[in-house]
Protein chains: 2
Amino acid sequence: MTLGQKIKELREQAGLKQRELAYQLGIGEGFLSKVENDQKPLKREDLTKLNELFKIPIEELESLWLANKLYSIVRDEESALTALKVAEEQVKYKSLKNA
Amino acid sequence: MTLGQKIKELREQAGLKQRELAYQLGIGEGFLSKVENDQKPLKREDLTKLNELFKIPIEELESLWLANKLYSIVRDEESALTALKVAEEQVKYKSLKNA
DNA sequence: TAATTTTGACCAAATTTAGACAAGTACAAA
DNA sequence: TTTGTACTTGTCTAAATTTGGTCAAAATTA
């Protein structure tokens with residue numbers, strides 16, 4: 001599940017057109033379409049608006065947003081999976097150290 | 001193991017001073033110091049030079065380089081680990097689809 | 001055919017990258 | 001104590017890249 005998919009899902013459940021949600025977010029409908037298809041990242045601050053509109057936990061939105069960013073970096077990389085795992089190790093090691 | 005740590009290790013095993021390796025790479029010693037301490041990323045093309053100099057597989061260098069990039073993004077993030085895992089899922093899903 | 005969504009081309013503004021350079025530290029050795 | 005060597009760190013910068021879109025045209029769906 002990507003952020004774009006999530007947004008589309010929430011929007012449709014709420015019975016909104018792209019133009020309507022776009023208006024709520026203060027962006028154009030073309031841009032929202034790209035966001036829903038994960039072709040453009042949403043501004044991070046706008047997650048708050050989604051949280052308010054759809055009552056979805058901000059943590060979930062943040063993770064999905066961040067994941068999209070990571071994915072856009074490793075998408076075309078041979079070593080994508082290895083790199084992700086190495087990064088994971090580093091995160092775990094850091095949290096150990098700071099515990 | 002980070003890229004910086006790896007470079008430092010390789011350099012020391014080869015008995016080189018920072019200034020010497022820096023010269024080989026065409027950068028200043030101050031910059032190399034930061035690279036070894038993961039405070040600055042190395043230019044990606046320079047991995048080839050490391051590969052030639054130290055006979056270390058380019059794939060390993062690439063993974064470490066990419067991992068550093070990822071880590072620098074999630075380093076201060078609450079949802080670092082979750083996001084990494086979500087991104088991993090996306091990578092796996094994609095490779096399934098393209099198989 | 002009409003409404004909705006997607007796509008491609010383009011853009012200014014903000015941010016990041018890839019360093020230089022000088023000053024500061026650490027630690028031997030003289 | 002001074003000096004030398006190696007390394008680290010802070011500040012600064014131009015150039016490249018990314019961000020965050022717009023708008024019109026094309027495609028899709030109802």
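Shown here are the side chain to side chain donor-acceptor pair (under 3.5 Å) partners of Glu88(B), two or more places apart in sequence or in another chain: Lys85(A). Taking Lys69(B) as the reference, Ile73(A), Trp65(B) meet the side chain to side chain contact (heavy atoms under 4.5 Å, CB included) condition, with sequence neighbours excluded. Every residue meeting the side chain to side chain contact (heavy atoms under 4.5 Å, CB included) condition with Glu9(A), not counting sequence neighbours, appears here in chain and number order: Met1(A), Lys6(A), Gln13(A). Applying the side chain to side chain donor-acceptor pair (under 3.5 Å) test to Gln90(A) and every residue at least two apart in sequence or in another chain returns nothing. Residues passing the side chain to side chain contact (heavy atoms under 4.5 Å, CB included) test with Lys8(B), sequence neighbours excluded: Arg11(B), Glu12(B), Glu36(B). Take Lys17(B) and apply the side chain to side chain donor-acceptor pair (under 3.5 Å) test, not counting sequence neighbours, and it matches no residue.
Of all the residues in residues 32-41 of chain A, Ser33(A), Lys34(A), Asn37(A), Gln39(A) reach under 4.0 Å from DNA chain C with at least one non-hydrogen atom. For DNA chain D, the neighbouring residues in residues 2-30 of chain A, judged by any heavy atom under 4.0 Å, are Ile27(A), Gly28(A).
Between Leu61(A) and Asn51(A), the shortest heavy-atom distance links the atoms CD1-N, 3.8 Å. Minimum interatomic distance between Leu32(B) and Ala22(B) (heavy atoms only, all atoms of both residues): CD2-N, 3.7 Å. Nearest heavy atoms, Ser72(A) versus Arg75(A): O-NH2, 3.9 Å.
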Output side-chain donor-acceptor pairs under 3.5 Å for residues 37-47 of chain B, partner residues at least two apart or in another chain, one line each.
{"from": "Asn37(B)", "atom 1": "ND2", "to": "Ser33(B)", "atom 2": "O", "distance (Å)": "2.8"}
{"from": "Asp38(B)", "atom 1": "OD1", "to": "Gly4(B)", "atom 2": "N", "distance (Å)": "3.1"}
{"from": "Asp38(B)", "atom 1": "OD2", "to": "Thr2(B)", "atom 2": "OG1", "distance (Å)": "2.5"}
{"from": "Arg44(B)", "atom 1": "NE", "to": "Glu62(B)", "atom 2": "OE1", "distance (Å)": "2.9"}
{"from": "Arg44(B)", "atom 1": "NH1", "to": "Glu77(A)", "atom 2": "OE2", "distance (Å)": "3.0"}
{"from": "Arg44(B)", "atom 1": "NH2", "to": "Glu77(A)", "atom 2": "OE1", "distance (Å)": "2.7"}
{"from": "Arg44(B)", "atom 1": "NH2", "to": "Glu77(A)", "atom 2": "OE2", "distance (Å)": "3.4"}
{"from": "Arg44(B)", "atom 1": "NH2", "to": "Glu62(B)", "atom 2": "OE1", "distance (Å)": "2.7"}
{"from": "Asp46(B)", "atom 1": "OD1", "to": "Lys49(B)", "atom 2": "NZ", "distance (Å)": "3.3"}

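Rounding to the nearest 0.5 angstrom, the gap separating the OG atom in Ser95(A) from the CG atom in Leu81(B) is 7.5 Å.
Among residue pairs with one or both ends in residues 19-34 of chain A, those qualifying as salt bridge (charged side-chain N to carboxylate O under 4.0 Å, His left out) are Arg19(A)-Glu29(A); sequence neighbours excluded.
Reading DNA chain C from its 5' end, the first and the last nucleotide to sit under 4.0 Å from a heavy atom of chain B are dA18(C) to dA20(C).
Nearest-nucleotide positions on DNA chain D place Phe31(B) closer to the 5' end than the other of Lys69(B) and Phe31(B).
Taking five base pairs at each end of the helix from dT1(C)-dA30(D) to dA30(C)-dT1(D) and finding the rotation axis that steps the C1' atoms of four pairs onto the next four gives two axes whose angle is 40°, to the nearest 10°.
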